[in-house]
Amino acid sequence: MNQTDTTDTPISMDDLMALCKRRGFIYQASEIYGGINGFWDYGPLGAQLKRNLADAWWNDVIMMGCSGRTGPNGKPVRIVPLDTCIIQNPKVWEASGHVGGFNDPMVDCRETKSRYRADHLMVLREAGASEGRGYAFMENDEEQLARAMKLLGKYLRKDIAESDVSVTPLVSLPKEQIADLVGPGVKDPGTLTEPRAFNLMFKTYIGATATEDDVAYLRPETAQGIFINFKNVIDTMRVRVPFGIANIGTSFRNEVTPRNFTFRSREFEQMECEFFCHPSESREWYEFWRDYRMDWWESIGLKGDNLRLREHDEDELAHYAKEGAGTADVEYRYPFTYPDFGELEGVADRANFDLTSHQTASRAKMEFFDQERNERYVPHCIEPAAGLSRGVLAVLCEAYTPDPNRPSKVFMKFHPRLAPIKAAVFPLVNKEGMPEIAEKLHADLHQRFGRRGFVELDVKQNIGKRYARMDEAGTPFCFTIDGDTSSDHAVTVRHRDTLEQERIGLDAVGEWLEGKLGG
RNA sequence: GCGGGUGUAGUUCAGUGGUAGAACGUCAGCUUCCCAAGCUGAAUGUCGCCGGUUCGACUCCGGUCACCCGCUCCA
């Protein structure tokens, strides 16, 4: 059992955020101007950490085809990369359903301060009544319905049965009737606002004139860029179904309430893949991706009780997920969701919803002619959509390990592959030839590993302080040159997680580190 | 968007109607042969921002921004 498994209280987000600031992982965006809600900047170590995570995904998923796994068809998995624009023709978002879906009208209650999705509110009235007093309740909420029945009976001064009432959607009522409604949990009418749209897509204007004709949207997901290029990729890359197209990119959502550090930001990065397959094979590919993605997150360090795979219930399937098809979330138990879990990645069987929508809207053929089957069809699609920003956050949360027995009181237990600082080189004392050996070793290691992360050289202050700094930065290994090095040509390796030390040859350090870093 | 809370050096926090401190960290020097030790010295804040009251505000009032908690939302 490792330390994570025995954790029964979450770490403090305040402490984690303080460390992120202190050590240069994440800063509040526009901090010197008072900040800006929902945006975060990555500092030097955070930027490298994020890049390492993105590289791990890019290399494993795309270049190595699911880490070299064999697909359910017994063959290697083929994935090609793509990089598409943040701004696309607005018709893309109409076809994808985002313009509609992102404009959900909401109703606020002035009394209870609650907010409801207008299309989820139902109105209970006396049968046959088309106006006057009504009682609003959330659909499928038995408790609210029972209360509404009781209040309506009281208002009408009679016992009522189900046959005495009618239920109509709130959105079907004329606006002026909203004032006659009694909201959930309220006694008197008039507390509900008219339905108002909250657009979650950032709007902008193309060209300098900025009229409504020039409206465009910042993408709320990278997936649509893949779907609209499906035909291009098919026509130019000699790919055959089954295959996947994947990309990493920034997306924007004008969240009502950005919260929980970087978890719900207005600007964030995604790592998405759309994997196309024959409709008859979608189930097995779904299961393949679901399991692979879970394993992948474990492989980069999110092990133990804080990570889980959760299949969705039927009633929470998204609009694009086909009946009975799979949708699963890889979830992480963030400190702010504890003891619950929050989304890290969604794996969904989207059937042919997206390609068909774009085919209908654009009239471009989204079909694939399958030589082997001698069949023409619109492929089904399995979508593993991961949050890069959320991945970084989960990695930070998982790495944060309090340890009262060490000087820093806390260390960041990054997987060596993700650690922004790969190694540090210290002369035990800053004299007697040690600094010179340290400089040489540092130069060698930097030459060899500098593309993967920082290699630090630190000669100042006592060795304890230097180790402590590296603990907070999450450096997995420190190499220390001491008085014996010049004669025995060996250095001491200090392991971050165990504090253990071992002696290895000066010339063997590069190979040794290569074997530890992974990736 | 609503309600509550918070906002002082990099971090964690004191503080008083008369223009600011501690600890730790950071930096420099000495010391130091393995875990923030010791000694000496240094830098750092228009006390979130704007406005008002006042002879004078970090301290009172208003607004605003940001963060935290709850509600809502998260396709």
Side-chain angles (χ1 to χ4, degrees), chain A residues 12-15 17-24 27-40 43 93 96-104 106-117 119-120 138 185 191 193 196 198 200-201 220-221 223 253-261 263-266 268 316-321 327 329 336 342-343 346 348 353 385 387 390 403 405-411 426-432 434 460-472 478-485 491-496 499-501 503:
Chain A
S12 151
M13 279 308 287
D14 287 345
D15 291 346
M17 289 169 75
L19 183 140
C20 283
K21 172 79 186 290
R22 190 166 71 238
R23 289 294 164 190
Y27 311 127
Q28 188 179 13
S30 306
E31 191 181 75
I32 63 170
Y33 288 104
I36 177 167
N37 197 355
F39 298 88
W40 299 89
W93 309 113
S96 68
H98 285 90
V99 173
F102 270 77
N103 279 294
D104 289 333
M106 306 295 295
V107 170
D108 286 334
C109 177
R110 300 182 189 92
E111 176 78 20
T112 64
K113 309 302 180 191
S114 298
R115 166 171 293 170
Y116 310 95
R117 262 182 70 164
D119 59 347
H120 286 181
M138 288 294 285
T191 65
T193 65
R196 294 176 294 189
F198 287 83
L200 291 184
M201 272 202 293
E221 64 173 32
R253 293 182 196 179
N254 214 342
E255 298 287 355
V256 176
T257 313
R259 198 159 285 191
N260 291 330
F261 202 21
F263 183 76
R264 185 168 303 143
S265 305
R266 290 185 162 130
F268 56 98
E316 57 178 325
L317 289 180
H319 66 87
Y320 49 74
T327 302
D329 282 344
F336 46 80
E343 191 187 24
F353 177 89
R390 284 185 179 181
D403 181 357
N405 295 321
R406 64 175 76 198
S408 58
K409 306 299 181 200
V410 62
F411 67 104
F426 303 145
L428 188 54
V429 293
N430 196 17
K431 59 185 181 186
E432 292 164 23
M434 295 180 219
K460 300 283 187 180
Q461 297 171 316
N462 69 61
I463 194 73
K465 282 197 179 196
R466 285 177 276 168
Y467 285 151
R469 268 196 289 263
M470 289 300 109
D471 275 348
E472 281 207 333
C478 296
F479 300 100
T480 300
I481 285 82
D482 59 25
D484 298 331
T485 302
V491 297
T492 302
V493 190
R494 184 260 196 187
H495 293 253
R496 175 197 64 200
L499 304 181
E500 283 169 3
Q501 301 190 345
R503 196 84 177 156

State whether [X] places a side-chain N or O below 4.0 Å from either non-bridging phosphate oxygen (OP1 or OP2) of [N].
{"X": "A:Arg22", "N": "B:C24", "value": "no"}
{"X": "A:Lys460", "N": "B:U26", "value": "no"}
{"X": "A:Asn462", "N": "B:A36", "value": "no"}
{"X": "A:Lys21", "N": "B:U11", "value": "yes"}
{"X": "A:Lys409", "N": "B:A36", "value": "no"}

Determine the contact category for [X]: base if any of its heavy atoms lies under 4.0 Å from a base atom, sugar-phosphate if only primed atoms, P, OP1 or OP2 are that close, otherwise nothing.
{"X": "A:Arg466", "value": "nothing"}
{"X": "A:Glu343", "value": "nothing"}
{"X": "A:Met13", "value": "nothing"}
{"X": "A:Glu432", "value": "base"}

*Any donor-acceptor pair under 3.5 Å between the side chain of A:Arg259 and the base of B:G70?*
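For A:Arg259, whose side chain was compared with the base of B:G70, there is a donor-acceptor pair (under 3.5 Å).
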Quote, to the nearest angstrom, the [atom1] distance that separates [N] from [M].
{"N": "B:G7", "M": "B:C33", "atom1": "P", "answer": "46 Å"}
{"N": "B:U53", "M": "B:C68", "atom1": "P", "answer": "35 Å"}
{"N": "B:U6", "M": "B:G48", "atom1": "P", "answer": "13 Å"}
{"N": "B:G17", "M": "B:G52", "atom1": "C1'", "answer": "16 Å"}

*Check each of A:Phe39, A:Phe268, A:Trp40, A:Tyr27 against A:Phe261 using the ring-ring contact (aromatic ring centres under 6.0 Å, His included) test, and report the only one that passes.*
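Answer to the ring-ring contact (aromatic ring centres under 6.0 Å, His included) test with A:Phe261 among A:Phe39, A:Phe268, A:Trp40, A:Tyr27: A:Trp40.
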*Hey, are A:Asp471 and A:Lys409 close enough for a salt bridge, meaning a charged N less than 4.0 Å from a carboxylate O?*
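No, this pair does not count.
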*A:Phe479 ring centre to A:Arg494 NZ or CZ under 6.0 Å, with the angle to the axis within 45°?*
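The answer is no, since A:Arg494 fails at least one limit relative to A:Phe479.
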